[in-house]
There are 2 protein chains.
Amino acid sequence: MPKLVANDIATALKKRISSGEWIENGRMPPERDLASEFGVARNTVRRAVSFLEDDGTVVRHVGRGTFLTATNPGSMAATVSRMEGTSPADMMEIRQLLEPAAASFAATNASATELNAVREAHKIASESQDMPTFEHWDAEFHHRIFACSRNDFLKEIHNLMRILRNQAPWFEMKKRSFSEERRSIYCSEHQMVLDALLRRDPESASQAMLAHLRTVERNLLGR
Amino acid sequence: MPKLVANDIATALKKRISSGEWIENGRMPPERDLASEFGVARNTVRRAVSFLEDDGTVVRHVGRGTFLTATNPGSMAATVSRMEGTSPADMMEIRQLLEPAAASFAATNASATELNAVREAHKIASESQDMPTFEHWDAEFHHRIFACSRNDFLKEIHNLMRILRNQAPWFEMKKRSFSEERRSIYCSEHQMVLDALLRRDPESASQAMLAHLRTVERNLLGR
DNA sequence: CCTCCCTGAACCAATACTGAGCCAATTTTT
DNA sequence: AAAAATTGGCTCAGTATTGGTTCAGGGAGG
């Protein structure tokens, strides 16, 4: 075992739970049994189960046992885990709804300092030479626009999208669709968004962002 | 020509990260392993990894290891928990972005069965006598519109909003702003949304929904 | 000469896991 | 009702892993 065994056990348990194990009475085996089954110390199992407890998958009671709560489909945890299956097409659709609005809000609400942060992210992305660096500062550019939209909920939704986009299937997709030519197109589109923000022009900021996202969608989904 | 081995190793690492290596659990090998793999001293690897740390590609923890920020686990949960502090004003702003779009999607994508489900929720809400029942079927009406928008991600975002709106501070707010007169206004506005959906008219579905949400916002925030 | 980068090694500090034991709450058996 | 067994909550000492830091040297280039 490479280490961080508790993490592995936690994901193994989640997998077994979602595959319907222990669902008949909603009760997991005692920690001591799991420990011997996985061949680890009980402390380790305890930590693994604590992770499940943290994200609400499970509830523990002294003297009774550990019980699944996943039977509640309306919970935050369940919602979030369903989100992980989001398709690129669905996400691009929502980005085209939210990001132009965020850009519009930003044009009216941002402070000069915040706009400078946006400009800086754009600058670094433009000057970057390799794909990982560009990726990072590209994402940062978009994120900083959300950050000055002055709507915390919107900002957090974007955080969710950002996390989802950094997971495995997306990663392959981005790699395939990356090219130097596209990078420079993205940069010039970013520039137009930035210019509109600096002019404090909500309408054209929104339009520039929408145009950019349409380009991204075409490149990503090959439409 | 200067050697700058650390730089070369840093770019090599970035390349391997961007090619998806170590993405499964988001963890890089220990510095000592990398050192022997690259055939250099650990100090050199450390400097290379420091570059990755500087541009945010990676986070290091003593005793745990070095992790890719892209797959940082638990940030999803953190994001959701930050969402719990969402203000009513922020949420209403986002609802006015998303729900008209959902209604528009629904008008073009919904099946007849799904539209019947929407109609049914509207009917029960209209006929309800007490506030909790109305609340529930009101929420259900909105949710079922999202359900036939054919965008799973959008649907899950609405789920999040719905969960947040069912928490304590919101509940008080809704109770205060509830009245029989307002209930009947809501119902007639719902009716207009439903009519537009049944006519398969995306544009007026979107407008009717927006009009409704503006009413809700006025009542809730007293504007 | 000095400066800079790398090597090699040692030690420190934080974290993870083991194995064992005891406590407290609950359920089951007597 | 009382005793025993079960189960999660908690602590501790010990070992191993891993990033953080420092130091003494070597070699290349100014």
Side-chain angles (χ1 to χ4, degrees), chain A residues 1-14 16-17 21-71, chain B residues 1-14 16-17 21-75 77-78:
Chain A
M1 292 235 193
K3 235 190 152 185
L4 297 187
V5 189
N7 270 2
D8 299 343
I9 293 184
T11 60
L13 289 177
K14 273 190 200 172
R16 287 168 65 172
I17 288 173
E21 205 165 341
W22 310 314
I23 214 165
E24 65 285 357
N25 56 0
R27 189 187 177 190
M28 280 178 54
E31 295 172 351
R32 289 169 174 85
D33 293 1
L34 288 174
S36 78
E37 177 185 336
F38 283 105
V40 300
R42 184 162 78 101
N43 274 343
T44 308
V45 168
R46 277 189 60 72
R47 209 128 50 85
V49 177
S50 296
F51 294 150
L52 304 198
E53 193 180 17
D54 288 343
D55 57 39
T57 311
V58 115
V59 183
R60 305 201 265 196
H61 298 286
V62 181
R64 298 185 57 210
T66 302
F67 299 85
L68 312 189
T69 56
T71 53
Chain B
M1 146 184 150
K3 292 192 75 173
L4 292 187
V5 188
N7 262 348
D8 297 345
I9 293 185
T11 61
L13 288 177
K14 276 190 197 172
R16 286 170 66 174
I17 289 174
E21 205 165 342
W22 310 314
I23 211 166
E24 66 286 354
N25 56 0
R27 189 188 183 200
M28 280 178 56
E31 294 172 353
R32 289 166 175 86
D33 293 2
L34 288 174
S36 78
E37 178 184 335
F38 283 105
V40 299
R42 184 161 80 103
N43 277 343
T44 310
V45 167
R46 276 190 60 70
R47 212 130 48 83
V49 177
S50 296
F51 295 150
L52 304 199
E53 193 179 19
D54 289 343
D55 61 36
T57 310
V58 116
V59 182
R60 305 201 265 194
H61 299 286
V62 181
R64 299 190 60 210
T66 303
F67 299 84
L68 314 190
T69 50
T71 51
N72 180 8
S75 57

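Chain A is the first sequence line, chain B the second, and so forth, proteins listed ahead of strands; every chain is numbered from 1.
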Output the rounded distance in Å from CG (D8(A)) to P (dA16(C)). 13 Å

With a 4.5 Å limit on heavy-atom distance, are the side chains of K14(B) and F51(B) in contact? no

So T66(A) and W22(A), do their side chains get closer than 4.5 Å, heavy atoms only? no

Donor-acceptor pair present, R42(A) side chain and dG19(C) base, under 3.5 Å: no

Side-chain donor/acceptor of R27(B) to backbone N/O of R64(B), under 3.5 Å: yes

Between G63(A) and R47(A), name the one whose nearest nucleotide on DNA chain C is closer to the 5' end. R47(A)

What about R64(A), does its side chain sit under 3.5 Å from the base of dG8(D) through a donor-acceptor pair? no

Among dG8(C), dA24(C), dG20(D), which nucleotide sits nearest the side chain of V62(A)? dA24(C)

Got I9(B) and L34(B) here, is their nearest side-chain heavy-atom distance under 4.5 Å? no

Tell me whether the side-chain N/O atoms of T44(B) come closer than 4.0 Å to OP1 or OP2 in dC5(C). no

Could you check which of dG8(D), dT18(C), dT18(D) has an atom nearest any side-chain atom of P30(A)? dG8(D)

Please check the phosphate of dG9(D) (OP1 and OP2 only) for any side-chain N or O of R46(A) closer than 4.0 Å. yes

How close or far is atom P of dC12(C) from atom NE2 of H61(B), stated in whole angstroms? 24 Å

Give the rounded distance in Å between these two atoms: CG of N25(A) and P of dT27(C). 14 Å

May I have the distance from M28(B) (atom CE) to dT17(D) (atom C1'), rounded to whole angstrom? 16 Å

To the nearest angstrom, the CG-C1' distance between L4(A) and dT18(D) comes to 10 Å

5'-most contact on DNA chain D: E53(A) or E53(B), nearest heavy atom basis? E53(A)

Looking only at side-chain atoms of T66(A), point me to the closest of dG8(D), dA16(C), dT22(D). dG8(D)

Closest approach to the side chain of N43(B), judged atom by atom: which nucleotide of dA9(C), dC17(C), dT11(D) is it? dA9(C)

T69(B) (side chain) donor-acceptor with G56(B) (main chain) under 3.5 angstrom: yes

Quickly work out the F38(A) CZ to dG19(C) C1' distance and round it to whole Å. 19 Å

Rounded to whole Å, how long is the line connecting atom CG of L34(A) with atom P of dT18(C)? 13 Å

Can you check the R32(B) CZ to dT7(C) P distance for me, whole Å? 16 Å

So which one's nearest nucleotide on DNA chain C is more toward 5', A41(A) or A41(B)? A41(B)

Using a cut-off of 4.0 Å on non-hydrogen atoms, how would the nucleic acid contact of V40(B) be classed: base, sugar-phosphate, or nothing? sugar-phosphate

